[in-house]
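Structure first, then comments.
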Protein chains: 2
Amino acid sequence: MPVSKHPSLTGPVTLASIAAHAGVHVSTVSRALSAQPDGVGPETVERIRTLAHELGYRRDAAAHTLRTGRTRMIGVLVPRLTDVALATIYDGIDQTATRLGYNTVVANTRDDVELQRSCLDLLLSRRVDGLILGDSRTDSNLMPELQRTQVPFVLVMRRLPGQISITTDDLEGGRLAAKHLLELGHKRVGVVAGDPSASTGAERTRGFRDTFAKAGFPIPDEYVIDSDFHVGGGRRAAERILRLPVRPSAIFAINDFTAIGVMGAVRDAGLQVGSEMAVVGYNDLDLAEQLPVGLTSVRSPLTEMGELSVHTLLDILQGKEVRSRRLRPVLMARASTLNSR
Amino acid sequence: MPVSKHPSLTGPVTLASIAAHAGVHVSTVSRALSAQPDGVGPETVERIRTLAHELGYRRDAAAHTLRTGRTRMIGVLVPRLTDVALATIYDGIDQTATRLGYNTVVANTRDDVELQRSCLDLLLSRRVDGLILGDSRTDSNLMPELQRTQVPFVLVMRRLPGQISITTDDLEGGRLAAKHLLELGHKRVGVVAGDPSASTGAERTRGFRDTFAKAGFPIPDEYVIDSDFHVGGGRRAAERILRLPVRPSAIFAINDFTAIGVMGAVRDAGLQVGSEMAVVGYNDLDLAEQLPVGLTSVRSPLTEMGELSVHTLLDILQGKEVRSRRLRPVLMARASTLNSR
DNA sequence: GACCTCAGCGCAAACGTTTGTCCATAATCT
DNA sequence: AGATTATGGACAAACGTTTGCGCTGAGGTC
């Protein structure tokens, strides 16, 4: 416990103040407090360390960064943390980073290109050692600018051509959902397609549509509604789908939150989720299984993606060769489709 | 666009390098780039600013902090961001802070007292101007230590006696839930009580139990199960409640996520949520309304709590007098209780 | 025309670290 | 015993900003 046994120094406790107390030079204190105290006697190290602890010393991050040029910080950009999928990835990132001696600082860009730029500026001016981007979009041209800064980065969750990324195989995920519905006999289906500028939205939708097309049941464009990635967007998109002249028997939603919105719309249309309208989500958040009607969902290993993105970034920082990874999705079938015999 | 018209300077662009280009002193550049450029000619300001922009200058946060002692950063501590309620609060915090010219840095403490301390150390060594704590616990003694650091802070979501906090009136929220169930004729109910060391858990539960007791139906201890705040914890607690010799007709869950876990357990026990087992949640996340069985929930203004906590903290920073706030909760009745006639 | 004012800018110190270099003392070797 | 080598520590510079102060010269006042 940093008790104030040494009331003489009231101001902020710095290396200099510790040095004054210990009667040594500030550089000695610095070395004594460093991880490998070279060139300082063992008992001096001990004496200084306990003194520092007693005084409640905390290394000043700003000064440290200024001097060394390194922050041991990695910046993370996500669309929004209220999306549990992204929050889970960030959780994986933060845990792994912490374990490896790094800190993270996260910013929400709301899928807004302007905000993306300003958040990036912020992180760069904080001199992050590297970046993990969870919000990459095909309609933004941040990448060339980013590469000019020389700050290493990896993408997570969403891909972009030519960039290192850690994602799930979203094409395959879309296919899995489609095959599942096809096996259950669905021929006419709707899609809540998410944001086409995000690779998640685009690829999950494409994998899904391609599979239905190959099976002989191409999905007309009016059955595919773009949306955001949230409950409200799913709800609104589903309302449009349910108003179509020929109602589909199943709806594939781009993620679990939009799927819940779909469920709400289906319910309010007087239909039973599962028996009268099959619903498939994506990500398999832990709440999917517990919903009153268990939600069939394509599981993607979110925490693992977070971990992997940190490891990849750190490999880059150490000059290692790295490659993109696409993790394998798995379909978890539940009542929201299985009760649709 | 920061085009590299000036290839001469390849290194990082600093005030000094701009000064060299412009043929002025570094201090002039500093002033020209500051918000109110005093003592610099208007045309010099203009010239330097465009030059800085062309070179892609970004103020070095570390040096700025080191010199000024201020960071315009506020640190935020939350149990975990995968909890949508906390993520929403953080979203409110971050948006408001950004709007007011502050940045936020968040850390997850997982309701772990050890982690709390180390995260706090981290934020303090980063010299945050103030702190917003969303993870305060009655079983941790961080407060005295924190007060010694002189860094201003406010609590959000959870209260602690004697500290400035922005919360909802959780006692009242618990009462609202109880009154609602009493009006519907429920006499024997279970409670998924959350973490008793968090004021949210303790007070929602207390308000709920007190109201039932006053109505003549005290809730026995074995019908009140402590839990965490997540889906899995809700599920496990509900499983225990459902195994009780005399099964209750309703379950009050400490938040919406645990309520979803309760719904899963109820469903798997072969009961219909709503008609056979009423369920009440807390927070009214936007997904509550859209669930296959709409979840009755006590709405708490999460985003507003976030905003208010920032304003309060900034008021403290400006030396203003501030007071704790308890926002009013509202019960949103839906199918998970209304279909339980 | 001498004096003052003040705008515009340069000078230098300081913030708290880290780290290469150097010096004194003590220990080791021949 | 003298020369050499570790060893423990001091010294000082540097990282990029900000900011109080001082200097110069142009314009205004009497």
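A note on names: the letters A, B, ... follow the listed sequences, proteins ahead of strands, and every chain is numbered from 1. Here the structure is a predicted model, which is why all the values come from computation and not from measurement.
Picking from D:dA12, D:dT17, C:dT17 the nucleotide with the shortest atom distance to the side chain of A:S27 gives D:dA12. Distances were taken from every side-chain heavy atom of A:R59 (C-beta onward) to each of C:dT17, C:dG8, D:dT17; the shortest belongs to C:dT17. The side chain of A:V40 has D:dG9 as its nearest neighbour among D:dG9, D:dT17, C:dT17. Which of D:dA10, C:dT17, C:dC9 sits closest to the side chain of B:T28 comes down to C:dC9.
Residues satisfying the side chain to side chain donor-acceptor pair (under 3.5 Å) test with B:T109, not counting sequence neighbours, are B:D135.
B:G41 comes within 4.0 angstrom of sugar-phosphate atoms only, judged by non-hydrogen atoms across all strands, and of no base. Contacts of A:T14 with the nucleic acid, taken as non-hydrogen atoms under 4.0 Å apart, involve only primed sugar atoms and P, OP1 or OP2. Residue contacts shown for B:P37 are absent, as no nucleic acid heavy atom lies under 4.0 Å away.
Atom CG in A:L15 sits roughly 13 Å away from atom P in D:dA10 (whole-Å rounding). For A:H64 and C:dT19, the NE2 to P distance is 7 Å, given to the nearest whole Å. Distance A:L66 CG to C:dC15 C1': 9 Å, rounded to the nearest Å. Summarising the geometry, the separation between CG on A:D60 and C1' on D:dT17 is reported as 14 Å, rounded to the nearest angstrom. One interatomic measurement links the two molecules: CZ of A:R70 to P of D:dG16, which rounds to 16 Å at whole-angstrom precision. As rounded to whole Å, 14 Å separates atom C1' of D:dG8 from atom NE2 of A:H25. Remark: P of D:dA6 and CG of A:D38 are 15 Å apart, rounded to the nearest angstrom. C:dG8 atom C1' lies 10 Å from atom CZ of B:R31, rounded to whole Å.
Positionally, the nearest nucleotide of DNA chain C for B:T44 lies more toward the 5' end than for the other of A:V26 and B:T44.
For the side chain to side chain contact (heavy atoms under 4.5 Å, CB included) test with B:V84, the passing option among A:L81, A:V84, A:D83 is A:V84; the others fail.
Salt-bridge check for B:R110 with B:D112: failed, with every basic side-chain N at 4.0 Å or more from each acidic carboxylate O.
A heavy atom lying under 4.0 Å from DNA chain C marks none of the residues of residues 122-129 of chain A.
Side-chain nitrogen and oxygen atoms of B:T68 include none within less than 4.0 Å of the OP1 or OP2 phosphate oxygen of D:dT17.
No side-chain heavy atom of A:L327 sits under 4.5 Å from any side-chain heavy atom of A:T167. For the pair B:I89/B:V156, a side-chain contact is recorded, criterion being any heavy-atom separation below 4.5 Å from C-beta on.
Between the side chains of B:T104 and B:Y90, at least one donor-acceptor pair of N or O atoms lies under 3.5 Å. Between the side chains of A:T71 and A:D129, a donor-acceptor pair is found at a separation under 3.5 Å.
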